[in-house]
There are 2 protein chains.
Amino acid sequence: MKRLTGGITAPTGFTAAGVRAGIKKKNTDPDLALVVSSTPGPIAGMFTTNEVVAAPVIADRRRLAGGQGRAIVVNSGCANACTGAPGLRDAEEMAALVANALGIPSRQVFVGSTGVIGQRLPMPKIRAAIPELIRRARRTGGRDAARAILTTDTRAKEAAYQDRIGGRVVTVGGMCKGSGMIHPDMATMLAYVSTDAVIGRRVLQTALGDAVEASFNCISVDGDTSTNDTILCLANGCAGNAPIRTGTPDGRRFQRLLEAVCRELARAICWDGEGVTKVMELIVRGCRTERDARLVAKAISTSVLVKTAMFGEDANWGRIMAAAGRAGVRLRPHTVTLQFGDTPIVRGGMTLGARAERRIARIVRQREFTITLDLGQGKASARRWFTDLSFDYVRINASYRS
Amino acid sequence: MKRLTGGITAPTGFTAAGVRAGIKKKNTDPDLALVVSSTPGPIAGMFTTNEVVAAPVIADRRRLAGGQGRAIVVNSGCANACTGAPGLRDAEEMAALVANALGIPSRQVFVGSTGVIGQRLPMPKIRAAIPELIRRARRTGGRDAARAILTTDTRAKEAAYQDRIGGRVVTVGGMCKGSGMIHPDMATMLAYVSTDAVIGRRVLQTALGDAVEASFNCISVDGDTSTNDTILCLANGCAGNAPIRTGTPDGRRFQRLLEAVCRELARAICWDGEGVTKVMELIVRGCRTERDARLVAKAISTSVLVKTAMFGEDANWGRIMAAAGRAGVRLRPHTVTLQFGDTPIVRGGMTLGARAERRIARIVRQREFTITLDLGQGKASARRWFTDLSFDYVRINASYRS
């Protein structure tokens, strides 16, 4: 497996573009992105589980039932959520405009939106921008597209990996946006992955589900609860490999490729989290069940008291213990151990003393470190990456719409 | 019912004191508090449901089984949590020191602690301070005690109400601390209530449960999930009223007194929340079940995206909709209405337009306002008070231990 530079257009047969349509209020950044495959192909997807669902998610869910995709058009600056039936018509029109210009069926054009909730899409601006967007689509346009889907993100997020599969070189590329990190359920995450692999739709959907579980779902973004969260993976078959099947060596190689792309994108979201100064890897182990481990990991990684302590470089392990204690999981303090990096600080639910405290005080000054909590009750475990909570987070979120 | 100035010593037969024992690191504030009743009496209590429980909670739970109380000793600056068996011995010794000095059984002395988790109590300092603490106990000492239990709180919190019950004047007084508000599950709340009413232990426990439900549990403090959360209510019978029974007019009058004290204390916690600049009243109605209403209220009132928007005086109603949508409750956007104060902004899941937006933009600039979300599905409702999230919250919590 080889890591490439580039992103969504790294696989054969994909072009992309990003232009400024004027949807975003303040800046001069691009806000309309396009990805086009030279041929239609199977497409897999996962969406938010929020009960309040944005119009583009409704539109994409319908399309996904058809199973074939060829293009994806995404705007930033407006989420097209809480916009009712008119919003859904806007999303459909956005897809139709691209479909007509490309001369392909509208059902093969997927749409995405991210930005402020509750405002209608500025359709005149989008209508005006689409011809230019399509003119600009090219093999080297991946970066422009990756930039055009950003909101409060500070950096474009791209990844691409390549391997020999089924007798041919197969590439997986991707781009994503997401930085509202602190309350993971609320982060809007959009991720788009392309591949030139020959692969069936069901195999692709299973592979994508597993890859998301091992990447985006580990960074507490969860991918499932903003109104707009979407991940799509489009496969155009241009690599000409022998079809990939689940459970075969080729299937596993493809899974590794897909996971590598998803993990790199997920990690980029973490580091570009709003106001983030640190990323912690949290390992919760010694649990009776995986569900227990995940509940404890969630309680700790979403605790703002833990997050603010990390920002303050305060190894306040008591807050980690208290968060674990309210996770809804049976917990006996006297069997609990906790360590920062390789340094134990809690054994039997109690501190190991001033010397250990001084050692972990040095660890929390690092930009990246591991926190390992062992409940001492079983063998199940969970892993998460989470971020700190800084002044900048509040600044960004207090003034997001102004 | 009459509101009094004063707090825990307002009822007949209670004295209190607060002194500086030197447990807190930085300041010159008092950090050791005492409340003493002239006679033992029935005591009711509720504690954290966190699996990680502080030593004083373990000690108090044992004492509560005995059902009689006479004194409460509380320190701030150290939570005595995650301190294992030695911590429990410290808590017991703290109670015994007070008991010996007062010449009463140790089982009638309740203990409380609040502050940093994971550090042992500085027992030499506590031993040295207790004689002075007991010497200072007096009728006018309520304020000193209320100050001595504070941590990051900026104000002492006291309340007292009086009414004629069972032929006599009955008074209920109280004090509390609590200001770590944003992640309600983590707020340490200590509340102590005194009354001179003649009342049985079971009647008192039921009355306290109902009062907490209508006060502390409405401000999202929940009272149930830090390692130390405690509320105790001690009744010494000095008023000489006919015994209060549940379900009688006297019982209801006493309930109103107790709720008035608890509500005023709960409200004081809200306004003294760390870095708080606004307090919002949230009403969630039109739900199928009360459980649904509470889940939606919790999702909204704990959403940091909602809280930071309120701090930024941004009427970002989309975040409220999105938080409601991820509460785990079935929600049809087209039946949802939302209003700020008396001004509707969302109907059928969609914005009512620019004029309504301008009107609610004025409302969110107020220090206090109501947000009403109606799911349009039924008749159940829930109410909460919640606070915004400001720069100061991060500042306070990033540097809490340093």
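To find a chain, count down the sequence lines: A is the first, B the second, and so on, and within it residues start at 1.
The residue among B:M321, B:H334, B:M310 with the most heavy atom pairs within less than 4.5 Å of chain A is B:M321.
The side chain to side chain donor-acceptor pair (under 3.5 Å) test applied to A:T277 returns A:D388, not counting sequence neighbours. Among residues two or more places apart in sequence or in another chain, the side chain to side chain donor-acceptor pair (under 3.5 Å) test is passed with A:Q339 by none. By the side chain to side chain donor-acceptor pair (under 3.5 Å) test, B:T337 pairs with no residue at all, sequence neighbours left out.
Open room surrounds CZ on A:R359; 12 or fewer heavy atoms of other groups in view lie less than 6.0 Å from it. More than 12 heavy atoms of other residues, nucleotides or ligands lie within 6.0 Å of CZ in B:R61, so this atom counts as buried by the packing criterion. Atom CZ of B:R120 has more than 12 heavy atoms from other residues, nucleotides or ligands within 6.0 Å. More than 12 non-hydrogen atoms from other residues, nucleotides or ligands lie less than 6.0 angstrom from CZ of B:R288.
Closest heavy-atom contact between B:I117 and A:R319: CD1-N, 4.5 Å.
With salt bridges taken as basic N to acidic carboxylate O contacts below 4.0 Å, none links B:R326 and A:E51.
For A:R330, the parts sitting under 4.5 Å from any heavy atom of chain B are the backbone and the side chain alike. For a residue to count as touching a neighbouring chain, one of its non-hydrogen atoms must lie under 4.5 Å from one of that chain's; by this rule A:V336 does not touch chain B. For B:R332, no part sits under 4.5 Å from any heavy atom of chain A, backbone or side chain.
Residues of residues 75-82 of chain B having a heavy atom under 4.5 Å from any heavy atom of chain A, listed by number: B:C82.
Note that the CE atom of B:M350 and the CD atom of A:Q119 stand 12.5 Å from one another [nearest 0.5 Å].
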